[in-house]
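Just so we're on the same page: letters track the sequence lines, and every chain starts at 1.
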2 protein chains.
Amino acid sequence: MTTGLRERKKAATRSALHEAALRLVAERGLDGVSVDDIAARADVSPRTFFNYFATKDDAVLGLDPAELRRTAQALAGRPADESTVAALRAVQREQAEEMARETELWPLRLQVIEANPDLVGRLVTHFGEADRALATAVAERTGTDVDTDTLPTLLALTSGAVMRTALHRWLTSGFTDSLPRLVDEAWDVLARGLAALPH
Amino acid sequence: MTTGLRERKKAATRSALHEAALRLVAERGLDGVSVDDIAARADVSPRTFFNYFATKDDAVLGLDPAELRRTAQALAGRPADESTVAALRAVQREQAEEMARETELWPLRLQVIEANPDLVGRLVTHFGEADRALATAVAERTGTDVDTDTLPTLLALTSGAVMRTALHRWLTSGFTDSLPRLVDEAWDVLARGLAALPH
DNA sequence: AGCCATCGTTGCATGGTCTGCAAGTTTGCG
DNA sequence: CGCAAACTTGCAGACCATGCAACGATGGCT
């Protein structure tokens with residue numbers, strides 16, 4: 001899986017912009033930082049900034065709409081004989097591993113969000129988008145309909161809840177626990193809890 | 001309680017701006033409407049718009065930071081021998097009565113939010129502000145500390161949950177139920193549920 | 001290696017949001 | 001009536017975000 005130069009450069013620029021935005025906002029606050037500042041720190045033109053992020057907030061949070069599509073495709077790429085829940089677990093595990101690789105930035109992100117509550121709103125809508133994208137992906141995989149069937153939305157929201165729970169525990173552990181492990185654990189707890197329900 | 005001319009005019013301008021924003025956005029969508037359009041429709045200068053609302057979104061939603069302060073003062077104004085929960089109930093009841101008076105605009109507001117999901121983010125942060133303002137007000141009233149004591153934040157968030165639950169039921173009833181009644185009912189259900197807990 | 005199509009970067013121009021400042025008006029009150 | 005406070009307005013300016021067109025780098029193909 002060799003990624004071309006072009007692709008690597010793009011990823012580098014995106015991450016440079018995100019990190020520049022994050023660090024600058026951590027230092028000066030959201031209003032103390034302009035898009036021009038961020039572009040300058042990442043060594044690209046201000047115009048290029050908007051080739052990577054739709055808004056300043058998105059750059060600070062590092063939100064990537066392409067990520068939503070990638071998740072959907074990852075789900076589609078899982079073996080067809082796997083149960084949907086198992087496929088979701090597997091996809092989330094990979095995501096968790098990737099996120100865990102940049103442990104360094106997470107404390108900064110949370111501190112920046114804490115200090116600039118405006119960002120919370122953007123985060124919430126992003127999670128909403130993620131849930132909806134995942135729901136359509138599940139519908140695709142199971143041949144159901146997002147609008148009429150309960151399954152896809154329920155599974156997507158549940159899986160989102162699992163990830164957010166794991167993230168919360170990761171945070172409260174000071175990022176010492178292993179995120180993939182926490183994700184697995186959350187799924188297990190959920191499965192056991194559901195199995196114990198009267199039926 | 002006679003309100004002066006100045007005060008009445010201000011209220012009229014604010015509500016004219018909100019209603020103008022709401023109706024225009026309902027017609028053309030959030031991006032199809034500029035602040036200038038809204039000001040024009042409300043018959044004030046564009047500059048005056050920003051004397052009333054900090055952002056276009058706030059005008060569309062009708063969010064008023066002064067409202068937060070008013071709620072806090074209303075709580076402070078309740079008799080000291082009243083329990084804090086009773087005081088919160090009373091304050092919310094008054095708010096509910098006021099909100100119920102403009103039944104006409106609520107369907108439009110919800111439709112506009114539905115059609116312009118960007119607004120949800122702003123709403124979320126506004127609710128967060130409201131919760132925090134209420135928590136400090138409770139802390140003030142009970143002589144506790146927002147940062148170290150559990151009580152104020154817990155009561156504030158609970159009371160926020162009650163109001164949002166009532167609002168949700170109001171919406172699903174098509175605004176035929178009485179909002180103040182729904183608020184009361186939510187408090188009652190909560191009280192009964194808590195009383196039934198093992199202790 | 002060399003050519004070309006594609007993709008990414010950049011500058012420029014533009015429309016819109018929001019703020020600070022310094023007038024001008026209106027309102028409240030003695 | 002006349003003053004002080006509050007509200008409105010215009011203007012200038014910073015910043016955000018987008019469309020367009022020119023330019024340069026990349027990757028595939030021969």
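More than 12 heavy-atom neighbours from other residues, nucleotides or ligands sit within 6.0 angstrom of CD on B/Glu102.
For the pair A/Phe50 CZ and D/dG19 P, the interatomic distance rounds to 12 Å; values are reported in whole Å. Between B/Phe49 atom CZ and C/dT19 atom P there is a gap of 10 Å when expressed in whole angstrom units. The separation between A/Asp31 atom CG and C/dC18 atom C1' is 11 Å, rounded to whole Å. Following rounding to the nearest Å, A/Arg14 (CZ) and C/dT9 (C1') show an atom-to-atom distance of 15 Å. Atom CG of B/Asn51 and atom P of D/dT9 are 9 Å apart (whole Å). Going from atom CZ of A/Phe53 over to atom P of D/dC15 covers 21 Å, rounded to whole Å. Computed from coordinates, the B/Leu17 CG to D/dC7 P distance equals 14 Å when rounded to whole Å. One interatomic measurement links the two molecules: CD of A/Glu7 to C1' of D/dT26, which rounds to 12 Å at whole-angstrom precision.
In terms of heavy atoms, A/Leu61 sits closest to A/His18 at C-CE1, 3.6 Å. Residues A/Pro180 and A/Glu97 approach most closely at CG-CG, 3.6 Å, considering heavy atoms. The shortest non-hydrogen separation linking A/Arg41 to A/Ala20 is CG-CB, 3.6 Å. Nearest heavy atoms, B/Asp58 versus B/Ala54: OD2-CB, 4.2 Å.
Distances shown here put a side-chain N or O of B/Lys10 below 4.0 Å from the OP1 or OP2 atom of D/dC7. Within the 4.0 Å cut-off from OP1 or OP2 of C/dT10, at least one side-chain nitrogen or oxygen of A/Ser45 is found. A close approach under 4.0 Å does occur between a side-chain nitrogen or oxygen of A/Lys9 and OP1 or OP2 of D/dT26. For A/Thr48 and C/dT10, the shortest distance from a side-chain N or O to OP1 or OP2 is below 4.0 Å. Residue B/Tyr52 has a polar side-chain atom (N or O) positioned under 4.0 Å from OP1 or OP2 of D/dT8.
Of the candidates D/dC16, D/dG27, C/dC18, the closest approach to any side-chain atom of B/Lys56 belongs to C/dC18. In this structure, the nucleotide among C/dT10, C/dT17, D/dC16 sitting nearest to the side chain of A/Ser34 is D/dC16.
Judged by distance alone, with hydrogens and angles left aside, A/Arg47 brings no side-chain donor or acceptor close enough to the base of C/dT10 to form a pair under 3.5 Å.
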